[in-house]
Protein chains: 2
Amino acid sequence: MVVTIKDVARLAGVSVSSVSRTLASPESVRPGTRERVLRAAAEVGYSPNAAARALTTGRTYNVGLVVPDLANPFFPTVVKAIQSRAREFDYSVLLVDTDEDPSAEVELIRKLVKQVDGFLLCGPRAADEDLRSFIGETPVVTVNRRVGPIPSVICDHTDGVRQAVGHLAALGHRAIAYVGGPRASAVNRERARGLRSMCTSMGIELVDLGNAAPNFDGGAAAADLVLAAPVTAVLAYNDLQALGLVSRFKERGASVPEQISVVGFDDIPLAGQVSPRLTTIAQRGDLLGRAAVDLLLDLLQDRVGAGGPRRVMPTQLIVRGSTGPAAA
Amino acid sequence: MVVTIKDVARLAGVSVSSVSRTLASPESVRPGTRERVLRAAAEVGYSPNAAARALTTGRTYNVGLVVPDLANPFFPTVVKAIQSRAREFDYSVLLVDTDEDPSAEVELIRKLVKQVDGFLLCGPRAADEDLRSFIGETPVVTVNRRVGPIPSVICDHTDGVRQAVGHLAALGHRAIAYVGGPRASAVNRERARGLRSMCTSMGIELVDLGNAAPNFDGGAAAADLVLAAPVTAVLAYNDLQALGLVSRFKERGASVPEQISVVGFDDIPLAGQVSPRLTTIAQRGDLLGRAAVDLLLDLLQDRVGAGGPRRVMPTQLIVRGSTGPAAA
DNA sequence: CAAGATTCTGAAACCGATTCCTGACTGAGG
DNA sequence: CCTCAGTCAGGAATCGGTTTCAGAATCTTG
């Protein structure tokens with residue numbers, strides 16, 4: 001049988017109120033009582049029923065975590081960090097994978113709204129107005145996306161792009177291509193925008209190759225477009241794409257970085273392990289996840305964190321073997 | 001304000017019981033009433049409070065999902081499948097990543113036990129007796145591990161090993177090495193055991209290189225051991241290790257598969273995309289996850305599935321470029 | 001059309017906690 | 001020794017649903 005607070009109360013010879021109080025704020029109860037209650041609780045192995053607690057307090061101690069695609073190695077890093085940080089505060093994580101589907105995303109959030117105290121939306125794909133519709137209803141923190149007044153934790157992608165373009169320019173590249181990610185991805189839009197303005201200001205020609213799937217095959221498919229374009233370097237939306245590019249370049253006999261330089265995004269674990277090792281713009285998924293949890297928890301406590309409702313994390317260009325001087 | 005069942009009842013001009021009934025079993029209520037209730041519910045945008053429901057029914061509609069390490073690309077596949085299958089039945093997934101720590105695993109399960117209807121334990125690392133201690137307390141399904149009478153969904157790793165050894169033997173290999181995974185991994189034990197018996201019966205010499213970390217670096221570290229051993233082929237505990245092996249072999253100037261053949265395990269997405277493409281023993285994480293959810297849900301309905309409390313999924317050797325005829 | 005069978009509906013108990021409110025007890029001070 | 005303030009503990013209401021039970025409404029049937 002399940003043991004409830006009543007069992008503990010009976011065993012300790014006190015009322016349920018006293019048990020509840022003892023567990024919630026031990027100092028509000030006399031030492032003798034406290035002693036007996038704790039002993040009784042330990043004896044029967046009592047642990048409170050989360051549903052009952054949620055019902056009275058209105059707090060579930062759950063957070064909803066929404067990711068577009070767990071198969072993208074960047075997200076597990078974030079999810080791990082979120083899960084572990086949330087646990088520290090006794091919060092559990094309800095995970096939802098939307099498979100890059102904006103409408104599924106909205107629907108799933110709707111369904112979960114009563115089961116969680118708030119949401120962490122990683123790279124949400126839904127439209128701004130849909131996301132905005134949740135404000136007021138439930139606390140939300142977006143990760144790597146900025147939507148109006150919604151608190152967010154983002155990486156400074158613009159700065160990352162700046163570093164990458166600077167790096168390529170220094171290597172003598174005068175024309176570079178960009179392989180885009182999902183149209184619905186805010187990160188993609190921000191990178192593309194940053195890239196345009198950066199290239200313009202540095203006098204570098206930018207060839208936009210449109211949107212490709214944010215995975216290995218998407219990159220491989222785009223590789224031939226790159227080779228057909230008058231460029232000596234290519235930036236990919238993420239590392240998986242970059243790996244796909246490199247792989248297809250090899251097949252086509254285009255050597256990296258001698259003939260073409262490749263820059264990825266994210267610095268997934270494998271990026272530094274393949275050959276050639278991938279030059280990439282790193283974002284620290286673990287820091288991102290941790291900061292997102294902290295921000296959401298601040299929100300839940302009604303203390304808007306000292307850092308305000310948005311936090312920006314640095315990005316860093318990691319130069320490895322996939323970039324080199326521009327081909328003549 | 002939040003809308004409750006009372007608001008719906010008032011608006012529809014019926015009692016809360018009728019609203020509850022209408023939503024739970026529409027056929028038990030007169031069409032006219034049903035009509036009004038549904039209209040009212042839609043109008044105010046009612047959705048039931050999960051905590052309240054859990055309190056009365058004793059069912060949370062949550063399942064606990066425990067994985068050792070989400071960063072291992074095999075697990076996201078499983079998690080995605082589990083999440084999506086669970087959603088079909090309106091179950092939510094509480095995700096826990098134990099970071100390969102057996103004691104954390106037990107502790108986390110304990111903490112979640114009141115919040116879920118049951119657990120899915122993917123490749124649990126805890127000791128048999130610890131896992132057994134949960135039986136009776138809460139429904140549990142283990143994935144890729146068999147513990148006494150606990151219902152489980154596993155891949156036929158022994159058969160996978162059989163296929164791999166047969167493949168290598170046919171290629172003329174007479175001595176092979178095995179790079180092990182985590183000591184706490186049941187899959188590792190099963191593979192090692194199957195490997196031993198298979199090699200014995202086929203007259204192939206097996207060199208056990210002990211346990212390595214189940215990731216790229218673990219494989220890279222083991223590569224030198226492999227080269228120092230009198231073998232012409234190596235089986236790794238998983239694909240990440242295999243990739244690490246290949247990478248380090250390249251650095252050492254040992255060509256794959258000419259000088260040494262490499263076989264991985266799992267068939268993670270990248271396995272078919274690197275060069276040389278990895279020969280590997282595939283296990284379908286998606287099928288595994290889906291079957292695990294179905295089994296757990298059967299358990300929760302007290303109908304032990306037609307397939308009984310254990311289900312075995314096939315494994316399949318995928319022959320690609322990393323294996324070839326044994327070096328002379 | 002009345003009586004009995006059947007179908008629907010509403011009132012109320014209940015799930016397991018939290019928390020407000022009140023009364024009992026304690027100790028201090030006069 | 002009595003009063004009063006302050007501390008501590010218990011009773012009861014409450015959260016938002018589900019479900020049992022009994023009575024009301026409807027339908028059959030003779």
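Quick note on labels: first sequence line is chain A, next is B, and so on, each numbered from 1.
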Undergrad: Would a distance-only check, ignoring hydrogens and angles, find a side-chain to backbone donor-acceptor pair under 3.5 Å from B/Arg189 to B/Arg183?
TA: yes
Undergrad: Of the listed nucleotides (C/dT19, D/dG16, D/dA9), which one gets closest to any side-chain atom of A/Leu55?
TA: D/dG16
Undergrad: Return the CG to CG distance between B/Asp117 and B/Leu300, rounded to the nearest 0.5 Å.
TA: 5.5 Å
Undergrad: Over how many whole Å does the gap from B/Arg53 atom CZ to C/dC14 atom C1' extend?
TA: 17 Å
Undergrad: Whole Å only: how far is the CZ atom of B/Arg21 from the P atom of C/dT7?
TA: 14 Å
Undergrad: Got a donor-acceptor pair under 3.5 Å from the side chain of B/Thr4 to the base of D/dG17?
TA: no
Undergrad: Of B/Ala51 and B/Ala24, whose closest DNA chain D nucleotide lies nearer the 5' terminus?
TA: B/Ala51
Undergrad: Rounded to the nearest angstrom, tell me the gap between atom CD1 in A/Ile5 and atom P in D/dT14.
TA: 19 Å
Undergrad: Could you work out which one of C/dT9, D/dT18, D/dG11 sits closest to the side chain of A/Ser15?
TA: D/dG11
Undergrad: With nearest nucleotides of DNA chain C determined for A/Val19 and B/Thr56 from heavy-atom distances, which residue corresponds to the more 5′ nucleotide?
TA: B/Thr56
Undergrad: Over how many whole Å does the gap from A/Gln115 atom CD to D/dG16 atom C1' extend?
TA: 14 Å
Undergrad: For residues 87-96 of chain B, dump all side-chain donor-acceptor pairs below 3.5 Å to protein atoms at least two apart in sequence or in another chain.
TA:
residue : atom : partner  : partner atom : Å
B/Glu88 : OE1  : B/Arg85  : NH1          : 2.8
B/Asp90 : OD1  : A/Lys111 : NZ           : 3.3
B/Tyr91 : OH   : B/Arg59  : NH2          : 2.5

Undergrad: Is there a donor on the side chain of B/Ser17 or the base of C/dA11 sitting less than 3.5 Å from an acceptor on the other?
TA: yes
Undergrad: Between D/dC15, C/dT9, C/dG16, spot the one nearest the side chain of B/Thr33, thanks.
TA: C/dT9
Undergrad: Compare side-chain N and O positions of A/Arg30 against OP1 and OP2 of D/dA9 and report whether any pair is under 4.0 Å apart.
TA: yes
Undergrad: Just how far, in rounded Å, is C1' of D/dT18 from CG of B/Leu23?
TA: 12 Å
Undergrad: How bent is the helix from C/dC1-D/dG30 to C/dG30-D/dC1, measuring the angle between the end axes built from five pairs each, rounded to 10°?
TA: 50°
Undergrad: Between B/Glu35 and B/Arg39, is there a salt bridge with N-O shorter than 4.0 Å?
TA: yes
Undergrad: So, is B/Ser20 close to the D/dT18 phosphate, meaning a side-chain N or O under 4.0 Å from OP1 or OP2?
TA: yes
Undergrad: Closer than 3.5 angstrom, by distance alone: can the side chain of A/Glu105 be matched with the main-chain N or O of A/Arg125 as a donor-acceptor pair?
TA: yes
Undergrad: To the nearest Å, how far apart are A/Asn49 CG and D/dG17 P?
TA: 16 Å
Undergrad: Roughly, in whole Å, what's the span from CZ in A/Arg10 to P in D/dG10?
TA: 14 Å
Undergrad: Tell me: CZ of A/Arg59 to P of D/dG16, nearest whole Å?
TA: 16 Å
Undergrad: Does the side chain of B/Arg110 reach to within under 4.5 Å of the side chain of B/Ser133, using non-hydrogen atoms?
TA: yes
Undergrad: Using only side-chain N and O atoms of A/Tyr46, determine if any of them is under 4.0 Å from OP1 or OP2 of C/dA17.
TA: yes
Undergrad: I'd like to know if B/Arg145 and B/Asp128 make a salt bridge, using a cut-off of under 4.0 Å between side-chain N and carboxylate O.
TA: yes
Undergrad: Checking the side chain of A/Ser20 only, and the main-chain atoms of A/Val16 only, is there a donor and an acceptor separated by less than 3.5 Å?
TA: no
